[in-house]
Number of protein chains: 2
Amino acid sequence: MREGLIAAGLELARAGGPDAVVLREATRIVGVVPNAAYRHFADRDELLAAVCEAAMARLGDRMAAEVARVPGERGDGDADAAFGRMAAVGMAYLEFAREEPGLFATAYALPDQHPYAVVGATGPDASPLGQLRAGLDELVEVGLLDAGRRTGIEFPVWSTVHGLAVLLGQGPLRAAPEEDRRMLTDRVLGFIGEGLLTAVAAPDA
Amino acid sequence: MREGLIAAGLELARAGGPDAVVLREATRIVGVVPNAAYRHFADRDELLAAVCEAAMARLGDRMAAEVARVPGERGDGDADAAFGRMAAVGMAYLEFAREEPGLFATAYALPDQHPYAVVGATGPDASPLGQLRAGLDELVEVGLLDAGRRTGIEFPVWSTVHGLAVLLGQGPLRAAPEEDRRMLTDRVLGFIGEGLLTAVAAPDA
DNA sequence: GAGCTAACGTGGACAGTGTCCACTAAGCGC
DNA sequence: GCGCTTAGTGGACACTGTCCACGTTAGCTC
């Protein structure tokens, strides 16, 4: 039942973002009276928080799937593959934001009282940030990224991609035509590439 | 009266973000019955849109003020001053997002039906994007930024700063302690600096 | 000045929302 | 069987956005 409410909330969030996950509607979908939800969640915010986590997990899944499509395996020292996986991490993030704007917005709409968990850890994990870190670590392994520049570099990269996703999805650029979106994406990803890669020519993506 | 409603809406937005600008409360502040608002706005979204524009203008004002504090004037060829103004543009953006999280979020919460105006123009104007463009143009003038790299570079820069502002203000990094925030900000601004400035050593900010 | 008009604000209503309270039914250990 | 927890029900309340019909006032035309 808890699961059902979260699933219903996810459906609502997909269609209309975090504001659309309304408690009464979720219970209606599950086929139960509104107050039943209060057996499983303290209030609407707690339901929303669960839905947000689920949405974030969706984003993580999407990224993992996209990375897995790149030939080769992590740790085999293939620079092309490492670069490809890094690119896949960024592209998957942007594609998810584009194709599932409601879920993307919801993933980052955790209510104030419910703290984000992901940030503290430094090791790689299934979260979007964890996967970004894994990709960057691999770039260092294959020599595409100076080890000295690695520390903390995930934050500028994350900021840049996230900023683009937000500006394109909900921000002032949301009305931009497809052509402009492509150009913007190329420019932004290129900017990140320049900022990351060592002087050596990057393998083309 | 229209002004008064917008002002009231701004106050609400400052305290609680876009969701807090509720029509009835705004009319209550102005001291009038809820329906009076419908003489001036078609619906709540139109009021919110006006408040969003006002919030965006506040952001632009803040940036302009911060830039004006840098000694020297635009176009005098002083590289240090040009760099300082560019830094001021970014810092003002981040400071506004930090000190006025409600207004910052509201500035970017324009309802879907009301299109953003600012994006099309390429010339500098009072909008945040316009001021960023002016700063970048000046970097080119004084030789800190290759003219060939100028085209469209405002979007990666905007994305990066905006992404950081969002992640720190409403996103997963919002609970980060002051020390971490400083470090993150330094890293991100440094990343932008590297991506912008030509090989020449940058004047320290 | 008389009378019309348009703008502005009021009062009352309605549906929809989150949330509280008291209540009923089912399962389970003693 | 008794008492307990757990899950769901029904009814209420305050609050929201919004619609409708109604006064009230300022400004214009004749």
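Proteins come first, then strands; the chains are lettered A, B, ... in the order of their sequence lines, and each starts at number 1. Fair warning: this is a prediction, and the values are worked out from it, not measured in the lab.
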Between A:Met1 and B:Arg28, which is nearer to the 5' end of DNA chain D once each is assigned its nearest nucleotide? A:Met1
Taken to the nearest whole Å, CG/B:Leu5 to C1'/C:dC8 is 12 Å
Would you indicate whether the side-chain heavy atoms of A:Leu10 and A:Arg14 approach each other to under 4.5 Å? no
Determine whether a donor-acceptor pair (N or O, by modelled atom type, separation under 3.5 Å) exists between the side chain of B:Glu154 and the backbone of B:Arg133. no
Ion pair present between A:Arg28 and A:Glu25, side-chain N to carboxylate O less than 4.0 angstrom? yes
Below 3.5 Å, does any donor atom in the side chain of A:Arg24 face an acceptor in the base of C:dG18, or the other way round? yes
Hey, are A:Glu53 and A:Arg58 close enough for a salt bridge, meaning a charged N less than 4.0 Å from a carboxylate O? no
Could you tell me whether A:Arg149 and B:Glu194 have a side-chain N and a carboxylate O separated by less than 4.0 Å? yes
Please identify the 5'-most and 3'-most nucleotides of DNA chain D with any atom under 4.0 angstrom from a heavy atom of chain B. D:dT16 to D:dC20
Would you say the side-chain atoms of A:Arg2 pair up with the backbone N or O of A:Phe41, donor to acceptor, closer than 3.5 Å? no
Salt bridge A:Arg69-A:Glu66, side-chain N to carboxylate O under 4.0 Å: yes
Under 4.0 Å, counting only non-hydrogen atoms across every strand here, what does B:Arg2 touch: a base, just sugar-phosphate, or nothing? nothing
Might you list the N or O atoms of the protein lying below 3.5 Å from N or O atoms in nucleotides 22-28 of chain C, with each pair's distance?
none

Which whole-number value in Å describes the distance from A:Asp19 CG to C:dG16 P? 19 Å
Any non-hydrogen side-chain atom of B:Phe155 less than 4.5 Å from a side-chain atom of A:Phe191? no
Has B:His40 got a side-chain N or O lying under 4.0 Å from the OP1 or OP2 atom of C:dG9? yes
Please give, in whole Å, the distance from C:dC8 C1' to B:Glu3 CD? 16 Å
Closest to the 5' end of DNA chain C, once A:Ala42 and B:Asn35 are matched to their nearest nucleotides, is B:Asn35
Is B:Glu100 salt-bridged to B:Arg62, cutoff N-O under 4.0 Å? no
